[in-house]
Amino acid sequence: MAPLTDTQYYLFCFFVWIFSTLLLRSLFRRPNNQEPAIGDLHLPPSPPALPLIGHLHLLGLTLYKSLHKLSLQYGPLLYLRLGPSRNLLVVSSASVATEVFKANDLAFSDRPTIAFADELPKDVGGVGLFSAPYGEYWRFMRKLSMTQLLGARQIELSRSIRQEEIARLLHSVLESADRREVVDLGAELMKLTNNSTCRLAMSTRVSGENNEAEQIRELVKNSLQLASKVCFGDVLGPFKKLGFWLYGKQAADMDKRYDEILERIWKEHEEISGKKENEDLMDILLKVYKDDKAEFKMTRTHIKAFLRDLFVGGTNTSADVMQWTMSELINHPHMFRKLREEIESVVGTARLVEESDVSNLPYLQAVVKETLRLYPSVAVTTRECRENCKIKGYDIPQKTMVAINLYSVMQDPEVWDDPSEFRPERFLVSSKVQNENETRGQSLVDFVPFGAGRRGCPGSALAYSTMNSTIGALVQCFDWKIGSGGDEDKVDMEVDSGFGLSKAHSLVCLPVVHFNPFASSAP
Ligand code: HEM
């Protein structure tokens with residue numbers, strides 16, 4: 001073994017000193033009189049733990065996979081200790097998820113606070129809808145989201161934006177097909193969801209020199225990468241400051257850049273306020289901000305944090321799911337043909353499929369749902385317990401952090417036949433069978449790509465609108481050959497490491513035109 005350098009030697013001594021101090025402190029820590037002694041509680045099962053780090057060593061880089069593996073070995077309800085300062089309840093089956101999302105929805109309606117929240121400058125970052133504690137602000141924003149910002153009317157009003165962005169994508173793919181060039185479909189889909197979200201939220205410019213959507217896309221990408229590192233700060237306990245020094249400052253710098261872009265767009269909105277025909281989300285938020293009679297007094301930071309949540313929550317998620325959908329369809333040519341036949345039988349062969357057609361395309365909807373089941377882009381959702389409660393007869397102490405492994409719930413063999421197979425037909429069950437199941441008390445919370453309960457995703461209807469019509473258009477218009485030369489057999493389905501469930505390799509393929517919806521309008 002190579003000898004240690006001086007720096008390595010001093011670092012080694014430093015860590016031995018810190019770890020031994022903490023170990024002794026944790027061994028001789030006096031229990032707080034307010035808390036029931038851990039020994040008195042009937043806690044859920046736990047795998048064997050190591051001193052100090054607890055179960056941290058059992059968590060790999062791909063969080064949903066490590067948690068899934070643990071549940072297969074130790075059961076669907078587990079209590080883990082993450083380092084010296086955090087406990088984590090892991091939920092991995094439909095039956096336990098039903099107790100959390102239904103019977104105890106209110107008790108589990110908080111989110112854990114993020115690491116370094118107390119370290120960030122007060123005018124930076126702020127709390128969006130996702131991380132807001134359950135309380136007055138969250139209730140106000142949630143109601144505003146469901147009734148106005150992401151409600152049915154706003155989705156209807158923004159239909160033309162999605163249709164234009166799909167047309168933009170199809171034009172770009174048609175050009176590549178003409179030149180017999182491959183397309184990075186992963187990158188194109190990301191551009192589509194990002195442009196649509198940015199236009200819906202703030203009518204941002206999506207092309208040209210000052211492409212604001214592109215700048216936001218870059219920031220979202222970097223902040224997601226950083227977020228996964230920053231999250232580990234929470235389990236560092238007394239080392240939190242060290243974690244902040246490593247990553248927290250980068251996060252704060254990125255927030256500042258985001259802030260600058262938003263301030264500029266905000267100013268433009270104020271200048272032309274009241275003169276616009278179609279309101280975007282920033283216009284609606286500005287009205288609420290200026291309304292002295294509003295139930296809750298929003299600040300500029302609230303609005304910026306809320307919009308940031310939409311970019312982070314609404315862009316990568318839908319793009320990832322669409323990439324997986326196309327990959328599965330290309331790998332299952334008979335399903336691809338079946339879907340195209342369905343579209344052509346409903347839409348004909350003279351026009352492009354539209355959002356209004358989707359309700360008549362059950363197989364298209366089933367294909368997208370089956371992809372969400374197998375590849376939920378938010379594979380694990382986190383909550384925090386607001387009060388002491390019981391799950392399956394076990395005691396769950398207040399403030400316990402909860403990880404609901406949505407991937408595991410949708411792989412639960414008690415509910416899903418052959419759970420690891422891609423089989424869209426399972427979603428074509430008649431409503432009669434569904435009613436019978438519900439009467440027999442089988443209304444389990446089992447299909448949860450958007451979470452569930454009061455903190456479930458408020459963007460699911462918008463996401464379905466984008467995903468269904470985009471997939472419909474890509475299947476209707478093109479055949480797809482795999483790989484950079486168009487000569488490979490199967491799409492590589494490797495999953496990337498990290499918190500979500502993204503493809504490790506972007507879907508690159510060669511498009512061959514089947515139907516050009518713009519041909520008749522060509523000169
Ligand atoms: C395929 C696309 C999407 C997936 C798979 C997805 C998934 C999720 C999941 C699992 C949660 C946590 C739910 C829970 O804890 O029960 C969530 C929350 C959230 N999502 Fe989505 N989402 C998607 C698209 C969107 C879109 C398009 C938007 C908005 C433009 C959005 C905005 C949000 C927000 C604001 C929250 C936090 C809600 C709260 O805490 O009250 N999501 N999403």
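In this chain, numbering begins with 1 at the start of the sequence shown. Note that ligands are numbered from 1 as they come in the structure, with each ligand's atoms numbered from 1 the same way.
- Taking 4.0 Å as the cut-off, Trp138 counts as a neighbour of ligand 1 on heavy-atom distance.
- Within the model, atoms CD1 of Ile216 and OG1 of Thr315 stand 9.0 Å from one another, a figure rounded to the nearest 0.5 Å.
- Closest to atom 7 (C) of ligand 1 by heavy atom, among Pro449, Ala461, Ser465, Ser131, is Pro449.
- A donor-acceptor pair under 3.5 Å is absent between the side-chain atoms of Asn405 and the main chain of Val91, judged by distance alone.
- Under a 3.5 Å cut-off, the side chain of Arg383 and the backbone N or O of Ala107 do not form any donor-acceptor pair.
- Electrostatic pairing of Glu384 and Lys399 counts as a salt bridge here, judged by a charged N lying under 4.0 Å from a carboxylate O.
- Distances shorter than 4.0 angstrom occur between a heavy atom of Leu310 and an atom of ligand 1.
- Protein heavy atom at the shortest distance from atom 37 (C) of ligand 1 is Phe130 CD1, 3.4 Å.
- For ligand 1 and Leu406, the ligand atoms under 4.0 Å from any heavy atom of the residue are 10 (C).
- When each atom of ligand 1 is checked for a heavy atom of Ser377 under 4.0 Å away, the hits are 5 (C).
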Review point. Trp324 and Phe422: ring pair (Phe, Tyr, Trp, His ring centres under 6.0 Å), yes or no, with the steps?
Key: CA-CA 11 Å; Trp324 286 116; Phe422 183 75; over 10 Å; no
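- Between Ser408 and Ser71, the shortest heavy-atom distance links the atoms OG-OG, 4.4 Å.
- Within the structure, the closest approach of Arg111 to ligand 1 falls below 4.0 Å when heavy atoms are considered.
- Counting protein heavy atoms only, atom 26 (C) of ligand 1 is closest to Gly314 CA, 3.4 Å.
- For a threshold of 3.5 Å applied to N or O pairs, the pair formed by Thr381 and ligand 1 contains at least one separation below that value.
- Within the 3.5 Å criterion, the main-chain N or O of Pro133 finds no donor-acceptor partner in the side chain of Asp110.
- A donor-acceptor pair under 3.5 Å is formed between the side chain of His302 and the backbone N or O of Thr299.
- Heavy-atom proximity to Leu129, at under 4.0 Å, picks out these atoms of ligand 1: 35 (C), 39 (C), 40 (O), 41 (O).
- Within ligand 1, the atoms closer than 4.0 Å to a non-hydrogen atom of Val378 are 7 (C), 8 (C), 10 (C), numbered from 1 in the order shown.
- Taking a 4.0 Å cut-off on heavy atoms, Gly456 registers as neighbouring ligand 1.
- Annotation: cation-pi pair Lys304/Tyr258 absent, no NZ/CZ under 6.0 Å from the ring centroid and within 45° of its normal.
- Annotation: side chain of Arg454 is in contact with side chain of Leu106 (closest heavy-atom distance under 4.5 Å).
- Minimum interatomic distance between Trp416 and Asp446 (heavy atoms only, all atoms of both residues): CZ2-O, 3.5 Å.
- In this structure, Arg383 has a heavy atom closer than 4.0 Å to ligand 1.
- Of the listed residues (Ser196, Gly453, Cys457), the one carrying the non-hydrogen atom nearest atom 32 (C) of ligand 1 is Cys457.
- Taking distance alone, with nitrogen or oxygen atoms compared against 3.5 Å, Phe101 stays at or beyond that limit from ligand 1.
- In this structure, Arg139 is positioned above the aromatic face of Tyr134, its NZ or CZ under 6.0 Å from the six-membered ring centre and within 45° of the axis.
- The closest non-hydrogen atom to atom 39 (C) of ligand 1, taken over Arg142, Arg139, Met322, comes from Arg142.
- When Gly459, Ser318, Ser145 are checked for heavy-atom proximity to atom 1 (C) of ligand 1, Ser318 turns out nearest.
- Of all the atoms in ligand 1, the ones that sit under 4.0 Å from a non-hydrogen atom of Ala452 are 16 (O).
- Taking every non-hydrogen atom of Gly451 and a distance limit under 4.0 Å, the qualifying atoms of ligand 1 come out as 10 (C), 13 (C), 14 (C), 16 (O).
- When atom types are taken as modelled, the side chain of His55 and the backbone of Leu82 share no donor-acceptor pair closer than 3.5 angstrom.
- Of the protein's non-hydrogen atoms, Arg455 O, 3.3 Å is the one closest to atom 13 (C) of ligand 1.
- In the candidate list Ser460, Pro458, Ala463, Gly313, Pro458 is nearest to atom 19 (C) of ligand 1, counting heavy atoms.
- Counting only distance, with no hydrogens or angles, the side chain of Asp357 and the backbone of Val353 share no donor-acceptor pair below 3.5 Å.
- Between Tyr464, Phe306, Phe450, it is Phe450 that holds the heavy atom closest to atom 3 (C) of ligand 1.
- Distances between N or O atoms of Thr382 and those of ligand 1 include no value under 3.5 Å.
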